[in-house]
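Accompanying notes for the structure given below.
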2 protein chains.
Amino acid sequence: MPADRGQGPTISEVAAEAGVGRATAARTLGGYGYVSPELRARVLAAAEKLGYRANALARSMSTGVSHTLGVIVADIGNPFFAGLLRGISDTARARGFDVIVLSTYENLQQEIAATNVLIDKRVDGVIVSSAALDRDQVAHIRAAMDRGIPVVLVDRAVAALDLDAVVIDNRDAAREAVEVLIAAGHRRIGFVWGPPVAQPPSTRRELLAAASASLWTDGERLRGYLDALDDAHIPFDPELVMAGPKTEERVVGEVGRMLALPDRVTAVFCTETDGMTGSLRALRKAGLSYPDDVALIGFDDSAWAAVMDPPLTMIAQPVHQLGAKAAEVLLDILGGAEPARTMHTLRSQLIQRASVAAPPE
Amino acid sequence: MPADRGQGPTISEVAAEAGVGRATAARTLGGYGYVSPELRARVLAAAEKLGYRANALARSMSTGVSHTLGVIVADIGNPFFAGLLRGISDTARARGFDVIVLSTYENLQQEIAATNVLIDKRVDGVIVSSAALDRDQVAHIRAAMDRGIPVVLVDRAVAALDLDAVVIDNRDAAREAVEVLIAAGHRRIGFVWGPPVAQPPSTRRELLAAASASLWTDGERLRGYLDALDDAHIPFDPELVMAGPKTEERVVGEVGRMLALPDRVTAVFCTETDGMTGSLRALRKAGLSYPDDVALIGFDDSAWAAVMDPPLTMIAQPVHQLGAKAAEVLLDILGGAEPARTMHTLRSQLIQRASVAAPPE
DNA sequence: CTGTTAGCGCCTTCAA
DNA sequence: TTGAAGGCGCTAACAG
């Protein structure tokens, strides 16, 4: 007999207080089955008086459903995911579902742990932006699926997983940005990339290989960059892409390097927010300014980007919509819909401001 | 009999597979009581083979504890809270607790709903940055406490609640910032404030009243502003404080107004991130620049603030530490410690960069 | 050391 | 329409 932990009144106590059987109390409180108006009123009054709240755990145990969605995001500290989450929450709440959020901070071990937490807590479905790269890194997601828990991918598709994925047109978005740069006259375009590759790719082939071994989004963005270059017949130069652990410090160093090249970069395209802040610092350090010395375009718009002087040209992702769509897809599956197992692609938007000009000279 | 929902194997199935009684299986899988090495191995093997995962719901039901902390933040989209959350997660995880996060988006109704979700899911304890202003807005928190669920406040203390609260020195932080402005020679210092007051306070008394009816943090920051003014014998001018719904748009308008005053503002102190971006836009609109025309200091440092040109002087809050401390306090209470019911105050830090100079002339 | 047994709070047949 | 009884998966006394 566990010590009194004040769990609050149970349905039996409410039934006793109302002078009815527990089943009757359960029916009115659970909102199912028939109960006469009078008894219903008595039960409601008793519940009110006692401050009754249903034990969701007990309820889930007997019904097998929790009306709860589990969400695993890669980094809740990233405004992108925070926005995504809001889209998910809004949609889930509107349909009567609670949301449990877990952040992995881009760490696969934490993602596995998070998945297990969600399985253990018996959520009805899962939305995940996974850090998994290949076949041997998706066992945890498979485990959830095997248990009959529907999973929807968001932001990042995973090739090894044949699931619904709600994403944006990363490749097109990147291509469009680079095309804008090219149209302005640039040919030496730096690419601040994400993946922590083992060693810097020195050929196009190695780069492509690295792309395939990276997060889907990263791969797509790289392909978009290459697409634009190819279309304009601009030769690819491995010196102009930064890969490797993308801390702001490293970005500063790498962009600095590209800026110091004999045939230096005249434009920089950043695939992440911290790529942009790092690039800005590198510019300042080199005594250069934008857009005249160097043109700049980055991913993920924000209030800050708009108030920079000059304001930054950025790619805005429809974050709220992305989350909302992911929730909808999952909720539909929970509602009985057959999973489409396809990619749902949303359009991003290039917001042209004032960080792109023609190259110097 | 609910349809097969593939909940995964139960302890009984594992026991059967291993050829032992369920209690034995439960003991080894639950990690309690004595089990002989041989049987233990057999059970473990069977569990492994079947892919057994304990049902956390069932476990919580019989033990009465969930090893889960519930966290209610005001706005997960605010990097401040995202950082806080990381501090909480890191600490909780280290002590074997899961964390459930709910965001209220500054809406009291959602906060109440969130609290109920946590009560219903039987979390062991709750950390909340509440939007509650006064006595009649804390019933939901009281309800949790009445059920024996320990609650710790974070970021915002609530006068009507006698609970442990982990906060920063908002008043001192604001005073220090304004003192820096005064030391630089400013006497016309604009204050971009938060609370959505009914009507703009036109006297010091009204302002103080508004402060008492606002979020604790907002009240403290206002008092700090006033402290600094008083110490320097600078008369308070209601025209220099902006209150009311703090959208970026409104900030632009209000700061614009302060900039257009005959005896215009020469410095602006912002209590929130969007206050700063709004002020920056207002400056640009007025054709003014910082730090020469107007000095600027804001709350909540970020990578962007550091790369602005010139870089912004900001107040950095120890977000991770704030979250970690809140989690520690709560976990200690869960561990049996007596709640101190006091304020745990952490120090913020004013990071001086280059947005403050002497006033023009 | 191991197995049996009785709940945790709720939902859900099944009779009455 | 209502109440009694059994079960969800697990823990925890209790015998053996």
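So that the names make sense, note that chain A is the first sequence line, chain B the second, and so on, each numbered from 1.
Annotation: side chain of A:V99 is not in contact with side chain of A:R93 (no heavy-atom distance under 4.5 Å).
Relative to the side chain of B:T24, the nucleotides C:dC1, C:dG3, C:dC11 differ in distance, and C:dG3 lies closest. The side chain of A:T63 lies closest to C:dC11, out of C:dC11, C:dG3, D:dT2. Residue B:N55 places its side chain closer to D:dG9 than to any other of D:dG9, C:dC11, C:dT2. Taking only side-chain atoms of B:I11, from C-beta outward, the nucleotide of D:dC10, C:dC11, C:dT2 with the closest atom is D:dC10. Each of D:dA4, D:dT11, C:dG3 was ranked by its minimum atom distance to the side chain of A:A23; first place goes to D:dA4.
Taking atom CZ of residue A:R53 and atom P of nucleotide C:dC10, one finds them 12 Å apart after rounding to whole Å. Per the geometry, CG belonging to A:L39 stands 11 Å off P belonging to D:dT1, to the nearest Å. Rounded to whole Å, the distance from CZ on B:R22 to P on D:dG7 is 11 Å. In this structure, B:Y34 atom OH and C:dC1 atom C1' are separated by 10 Å, rounded to whole Å. One atom, CE of A:M61, and another, C1' of D:dC10, lie 7 Å apart when rounded to the nearest Å. Between the P atom of C:dT12 and the CG atom of A:L29 lies a distance of 14 Å, rounded to the nearest Å. Between the P atom of D:dC14 and the OH atom of B:Y32 lies a distance of 15 Å, rounded to the nearest Å. Computed from coordinates, the B:R122 CZ to D:dC10 P distance equals 20 Å when rounded to whole Å.
For the residue pair A:D98/A:H67, the side-chain donor-acceptor check at 3.5 Å is not satisfied. No hydrogens or angles considered: nothing links the side chains of A:K121 and A:S60 as a donor-acceptor pair under 3.5 Å.
When each of B:A58 and B:R40 is assigned the nucleotide of DNA chain C bearing its nearest heavy atom, the one mapping closer to the 5' terminus is B:R40.
Annotation for B:R95: atom CZ counts as buried by contact number, over 12 foreign heavy atoms lying within 6.0 Å.
Scanning atom types as modelled, one donor and one acceptor separated by under 3.5 angstrom connect the side chain of B:R27 and the base of C:dG3.
With salt bridges taken as basic N to acidic carboxylate O contacts below 4.0 Å, none links A:R341 and A:D164.
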